[in-house]
Amino acid sequence: MSQWRVLIEENVGSANRKEWRVSDIYEVKGERAEARSIAYELAVRHAPQHPMNHGTRSVYRISDDEYLTTVKGATAKYHYRVVVAELLTLETVDELS
């Protein structure tokens with residue numbers, strides 16, 4: 001049985017020290033179809049760290065397993081990516097989050 005996750009990649013950090021990284025990993029109890037549904041909801045509703053004041057949001061489906069969302073702030077446009085991923089290995093160390 002496959003183990004599915006939904007990953008969010010986005011800019012995190014303060015104004016001068018932003019970095020692109022996996023900000024959240026959601027464990028999915030069901031199958032890939034459920035992971036895809038969760039990914040879509042996150043593409044539409046996730047509140048990214050940047051910008052603080054969210055304006056216009058555009059959601060792009062890259063594939064059935066990947067979305068790119070742009071969010072316009074007061075002075076700049078930011079984006080985040082939502083990806084459905086199958087977990088292949090799990091070591092004893094904590095996952096990135």
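The first residue in the sequence is number 1, and the count goes up from there. Everything numeric here is computed off the predicted structure, so don't read it as measured data.
Within the structure, side chain to side chain donor-acceptor pair (under 3.5 Å) contacts touching residues 28-41 (residues at least two apart or in different chains) are Arg32-Asp65, Arg36-Asp65, Glu41-Arg45.
Minimum heavy-atom separation, Ala43 to Tyr67: CB-CB, 3.6 Å. The shortest non-hydrogen separation linking His50 to Asn11 is CD2-O, 3.4 Å. The two residues Val12 and Ser23 come nearest to each other via the heavy atoms CG1-CB, 4.0 Å.
Taking the side chain as every heavy atom from C-beta outward, Gln3 and Glu86 never approach each other to under 4.5 Å. Taking the side chain as every heavy atom from C-beta outward, Val6 and Val28 approach each other to under 4.5 Å. Side-chain contact between His79 and Trp20 is present, with heavy atoms from C-beta onward closer than 4.5 Å. For the pair Ile8/His46, a side-chain contact is recorded, criterion being any heavy-atom separation below 4.5 Å from C-beta on. Leu42 has its side chain within reach of Tyr26: a pair of non-hydrogen atoms, C-beta onward, lies under 4.5 Å apart. Between Arg81 and Glu10 there is no side-chain heavy-atom pair separated by less than 4.5 Å. No side-chain heavy atom of Tyr78 sits under 4.5 Å from any side-chain heavy atom of Thr70.
In this structure, CZ in Arg5 is found 8.0 Å from CD1 in Ile25, a value given to the nearest 0.5 Å. Rounded to the nearest 0.5 angstrom, Glu66 CD and Leu7 CG are separated by 10.0 Å. With rounding to the nearest 0.5 angstrom, the OG atom of Ser2 is 8.5 Å from the CG atom of Leu88.
Ile38 and Val82 end up in the same hydrophobic cluster when Ile, Leu, Val, Met, Phe, Trp and Tyr side chains are linked at under 4.5 Å.
Checked against side-chain contact (heavy atoms from CB on, under 4.5 Å), Arg57 has the following partners two or more places apart in sequence or in another chain: Pro48, His54, Val59, Thr69, Val71, Tyr80.
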